[in-house]
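Values below: all heavy atoms of this structure, side chains included; hydrogens, waters and symmetry mates excluded.
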Amino acid sequence: MLPNAACPVAVDARLDSRLVDSGLSRWLWLVKWVLAIPHYAVLVLLWPAVWLLTLVAMVPILFIGRYPRTIFDVNLGVLRWSWRVGYYTYSALGAGRYPPFTLAEVPDYPAQLHIPYPQYLSRGLVLVTWWLLAIPHYLVLGVLLGGAIALARHGDIVIDSGAGLLVLVAAIALLVAARFSPGGRDFVLGINRWALRAAAYALLMTDTYPPFQLGTGPAPIGPAPIGPARDNAVSGRDHSHHAALSGAGAKAHSPAAAVMEGVPALQAPEVSPAATEQLRDPLPFWAMVALGLGATAMLSAVVWATSHLHPDNALRTAALFVHLAALVVGFGAVLVVDWVALLWLLGRRSLGNLTTLASAAHVPIWLGLVALVLSGALCRPDLSLPLTWVKLGLVLLVTLNGLHVYAIGERLTRLGDRPVPRHMLRWAGTAAVVSQVGWWGAMLIGFINAQ
């Protein structure tokens, strides 16, 4: 997930001319809430199905990185339907034409939404995309979409400021002056773009993090926005940019088997700054910080719970079994990945071998680590011992280092057939050493405390 990548969620709309040409349409917004009831009734049934289908899609994404095409098409269809109804009604009041009852794309309708089908999705991000990484967007949209909400408080009616108030002003302007304010319309349309981009990200339909902006974003991928025709020069530039992005995406996911075979990776030449620019972190810096803080908070909560839990002997025995099983699964996967990484550094395995194995090992490693932490709370560790706190520090170190390893793995995957920069080799080597020291140190302390 590149934070500076072009946003693939293309949302656009044009002002329906019949809104101002027809006197009836100017008054229509007063009763659109009644006219849209059939759509609301259908969408109320469709959206729970969308979230259920997204949960189903998480399984193949987690294991093979693919979004089932049928589920993707259904979810995209519901998003399109919702956008058409919202544009017709009180999300924008920009259409006079009644929205069709269909999941399919309607090219001549004033509101359009396009999301290209992703050929590959990050398997690790599926566990944190929809709840943790999207939280900043939820907070901002909660403020922007909080308009026109009447709250009864002690008998007083309070109306929050936000997009809803602007829609109300636009409706009055349409009624009185038969026109929309261009600035207000652009702001309302921008909020809807933001909300739809965040919804597509939360539904796992793209790995590209939504931009924090109201505009269309940098060169959205998909069909050209509807509305006034662009000049040929701009269209040509957009088309060439789209082709370049498509080619880059295809190359980034091409197999890299045997690329480094027989060539010691430690002697890999430096790459140009232009190529290095494409290897930015798969997560923005603030997202990595948020994940690190979340992991720290989780470990702190477990430590706090440890001092308040009093499991009986049977529960402690079961927790110890889970603890040991999680250690075998999690640390075993780490040992396999680090061994193949060592063979890659020695030129005895290809980069494709390493990245494929590391991607597949994400699930057992993280599941093992989480199970270790949770079961450890029931094993009644002695928090009065200094070594116990050293062990907890090593567990936190392993967790934070795992986030760093994930970022390195995503960068290596995007290299394709290009040489590995020396600084990435140093990062990978350092991360492997930290991982081994953390795991072995935590196990050694656990053995000493058990005596």
Side-chain angles (χ1 to χ4, degrees), residues 62 123-136 281-311 315-335 337-338 358 361-409 430-450:
L62 185 61
R123 290 186 281 185
L125 286 179
V126 70
L127 299 175
V128 295
T129 291
W130 58 275
W131 66 279
L132 180 60
L133 299 184
I135 284 178
D281 287 332
L283 290 175
F285 175 75
W286 67 264
M288 295 293 289
V289 172
L291 287 172
L293 292 176
T296 305
M298 176 183 172
L299 184 60
S300 301
V302 171
V303 173
W304 176 86
T306 298
S307 59
H308 292 78
L309 294 176
H310 303 285
L315 185 57
R316 288 185 61 185
T317 302
L320 180 60
F321 174 79
V322 173
H323 200 70
L324 295 176
L327 179 64
V328 172
V329 173
F331 189 39
V334 169
L335 287 175
V337 173
D338 286 350
H362 278 315
V363 175
I365 290 175
W366 286 108
L367 287 180
L369 186 58
V370 171
L372 274 170
V373 173
L374 296 180
S375 60
L378 297 175
C379 292
R380 295 289 302 276
D382 190 351
L383 296 180
S384 63
L385 297 177
L387 280 179
T388 300
W389 289 99
V390 175
K391 177 182 177 181
L392 292 173
L394 290 175
V395 171
L396 180 59
L397 176 65
V398 166
T399 304
L400 299 179
N401 184 66
L403 297 175
H404 181 53
V405 169
Y406 169 76
I408 295 174
T430 302
V433 171
V434 171
S435 174
Q436 291 297 314
V437 170
W439 281 94
W440 284 107
M443 284 196 305
L444 178 61
I445 293 175
F447 177 77
I448 294 175
N449 286 346

Check Val126 against Leu62 and note the closest heavy-atom contact, atom names and distance.
CG1-CD1, 3.6 Å

Identify the heavy atoms of Val398 and Trp439 that sit nearest to each other, and give their distance.
CG1-NE1, 3.2 Å

Rounded to the nearest 0.5 Å, what separation is found between the CE atom of Met443 and the CG atom of Leu394?
11.5 Å

Please tabulate, for the side chains in residues 322-335, all donor-acceptor contacts under 3.5 angstrom to protein atoms that are two or more places apart in sequence or on a different chain.
residue	atom	partner	partner atom	Å
His323	ND1	Leu372	O	3.1
His323	ND1	Ser375	OG	3.0

What I'd like to find out is whether the side chain of Val405 reaches to under 4.5 Å of the side chain of Ser435, using heavy atoms alone.
no

To the nearest 0.5 Å, what is the distance between CG (Leu367) and CG (Leu127)?
7.5 Å

Reported CG-to-CG distance for the pair Leu378 and Leu315, which is rounded to 0.5 angstrom
5.0 Å

Validation row: Leu400, Leu396 side chains within 4.5 angstrom (heavy atoms):
yes

Do any pairs count as a side chain to side chain donor-acceptor pair (under 3.5 Å) and have a residue in residues 292-304, sequence neighbours left out, and if so which ones?
none

Separation of Leu374 CG from Leu299 CG (nearest 0.5 Å)
10.0 Å

Could you walk me through whether Leu383 and Leu392 pass the side-chain contact (heavy atoms from CB on, under 4.5 Å) check?
CA-CA 10 Å; Leu383 296 180; Leu392 292 173; 4.3 Å; yes

Please determine whether the number of non-hydrogen atoms from other residues, nucleotides or ligands lying under 6.0 Å from atom CH2 of Trp366 exceeds 12.
yes

For Thr388, side-chain hydrogen bond (donor to acceptor under 3.5 Å, both in side chains) partners two or more places apart
Asn449

Closest approach of Asn401 and Ala431, non-hydrogen atoms and distance?
ND2-O, 3.0 Å

So OG1 of Thr399 and CE of Met298: to nearest 0.5 Å the spacing works out to 8.5 Å

